[in-house]
Amino acid sequence: MNWASVYSSMIFASVLVGLILWKLYIALIGVLLLSIGLVWFVADSVKQHVHFINGFFLFIMSEVIIFFTLFVSCLWFQESHDIGISEWNELPFLGSFLLLGSSVTATAYHSQMNISSFLLVITILLGFSFIILQGFEFDESGVNLFSSVYHACCFTTVSLHFSHVLIGVLLLIGLFICTVKVVDIYYSNLIIWYWHFVDYIWLLVYTVVYLF
């Protein structure tokens, strides 16, 4: 594990705890740390395959736009009497820590992917655990996709993220099977970056769907 894994976990934890406790100054610390990390990330990434990396980030940007469209829909159609699809401090809260842990292990694996795949296995298990947990959440929910427009928006948002987690886990499994000796280091980097996107977009999904 290197400083980057600790740094990313501090970002996620600061924003998550700040929003849950509604201590905005804690969340702002997380946003500040995220901004500093993004500057470092951009400075480091321009060293290789600039054209293709830009294409990857354009793809991520399009995904962010889709998610933010759904976020606006959730907030727009929410009524005062609407109940959430699940309690914020139950299964979704546990799922947040599973993804937080997977982000840490993915970063640690990223720093030593030519040495060991143990941390990659842990990342896959955490992601798979999140999928199972969300399956139980959908099964136990007191509302469904047809309960209201608001609930349809919420389920669509969560399900879209669920599909991204599933795709991310499959990519990680493929990386584990093929290893970086077979998969080019460039594509290995993209898979890990995609998994970080899946982790961090969940923070916004959790905030909009479960906290608001």
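Using a 4.5 Å heavy-atom cutoff, the side chains of Phe67 and His164 are in contact. Side-chain contact check for Val208 versus Thr157: every heavy-atom pair is 4.5 Å or farther apart. Thr107 is not listed as a side-chain neighbour of Leu119, based on a closest heavy-atom distance of 4.5 Å or more. Using a 4.5 Å cut-off on side-chain heavy atoms (C-beta onward), Ile192 and Leu172 make contact. You'll find the side chain of Val121 stays beyond 4.5 Å of the side chain of Tyr109, heavy atoms only. Residues Ile201 and Leu204 are in side-chain contact: their nearest non-hydrogen atoms beyond the backbone lie under 4.5 Å apart. Asn144 has its side chain within reach of Ser147: a pair of non-hydrogen atoms, C-beta onward, lies under 4.5 Å apart.
Taking CG of Leu94 as the reference point, atom CD of Glu90 lies at 11.0 Å (rounded to 0.5 Å). To the nearest 0.5 angstrom, Thr123 atom OG1 is 11.5 Å from Phe176 atom CZ. The distance from the CG atom of Leu166 to the CG atom of Leu171 is 9.5 Å, given to the nearest 0.5 Å. With rounding to the nearest 0.5 Å, the separation of OG1 in Thr105 from CZ in Phe118 is 9.5 Å. The structure places CD1 of Ile124 at 11.5 Å from OG of Ser129, a figure rounded to the nearest 0.5 Å. In this structure, the separation between CG on Leu98 and CG on Leu125 is 11.0 Å, given to the nearest 0.5 Å.
With hydrogens and angles ignored, the 3.5 Å screen pairs no side-chain donor or acceptor of Ser117 with any backbone N or O of Leu120. Between the Glu140 side chain and the Leu91 main chain, no donor and acceptor come within less than 3.5 Å of each other. In this structure a side-chain-to-backbone donor-acceptor pair under 3.5 Å is missing from Ser103 to Leu99. In this structure a side-chain-to-backbone donor-acceptor pair under 3.5 Å is missing from Ser141 to Phe138.
Considering all non-hydrogen atoms of both residues, Ile85 and Cys154 come closest at CG2-CB, 4.1 Å. Of all non-hydrogen atoms in Trp88 and Phe93, the two that sit nearest each other are O-CB, 3.2 Å. Of all non-hydrogen atoms in Ser102 and Asp199, the two that sit nearest each other are OG-OD1, 3.3 Å. Considering every non-hydrogen atom in both Leu175 and Ser188, the closest pair reads CD1-OG, 3.4 Å. Residues Gly127 and Val165 share a closest heavy-atom pair of O-CG1, 4.0 Å. Contact detail for Pro92 and Glu87: the closest heavy-atom pair is CD-O, 3.4 Å.
Tyr150 and Phe212 are not part of a single hydrophobic cluster, where members link through side-chain heavy atoms under 4.5 Å apart. Transitive grouping of hydrophobic side chains (ILVMFWY, heavy atoms separated by less than 4.5 Å) brings Ile83 and Phe146 into a common cluster. When hydrophobic clusters are built by joining Ile, Leu, Val, Met, Phe, Trp and Tyr residues whose side-chain heavy atoms come closer than 4.5 Å, directly or via intermediates, Leu70 is not grouped with Val149. No single ILVMFWY cluster, assembled from side-chain heavy atoms under 4.5 Å apart, contains both Leu203 and Val72. Connection of Phe97 to Val205 is established within a shared hydrophobic cluster, with ILVMFWY side chains joined at heavy-atom distances below 4.5 Å, either directly or through further cluster members.
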| query | Are Val169 and Trp195 close enough, and set up right, to give a side chain to side chain contact (heavy atoms under 4.5 Å, CB included), and what steps lead you there? | reply | CA-CA 8 Å; Val169 169; Trp195 186 252; 3.8 Å; yes
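Ring geometry for Trp193 versus His110: interplanar angle over 60°, hence perpendicular rather than tilted (30 to 60°). Using cut-offs of 30° and 60° for the angle between ring planes, the Trp202 and Tyr210 rings count as tilted. Ring orientation note: the planes of Tyr200 and His196 are close to parallel, at an angle under 30° on the 30°/60° scale. Using cut-offs of 30° and 60° for the angle between ring planes, the Phe71 and Phe68 rings count as perpendicular.
The aromatic ring centroids of His161 and Phe130 lie less than 6.0 Å from each other.
By the 6.0 Å contact criterion, CZ on Phe197 is enclosed, its count of non-hydrogen atoms from other residues, nucleotides or ligands being greater than 12.
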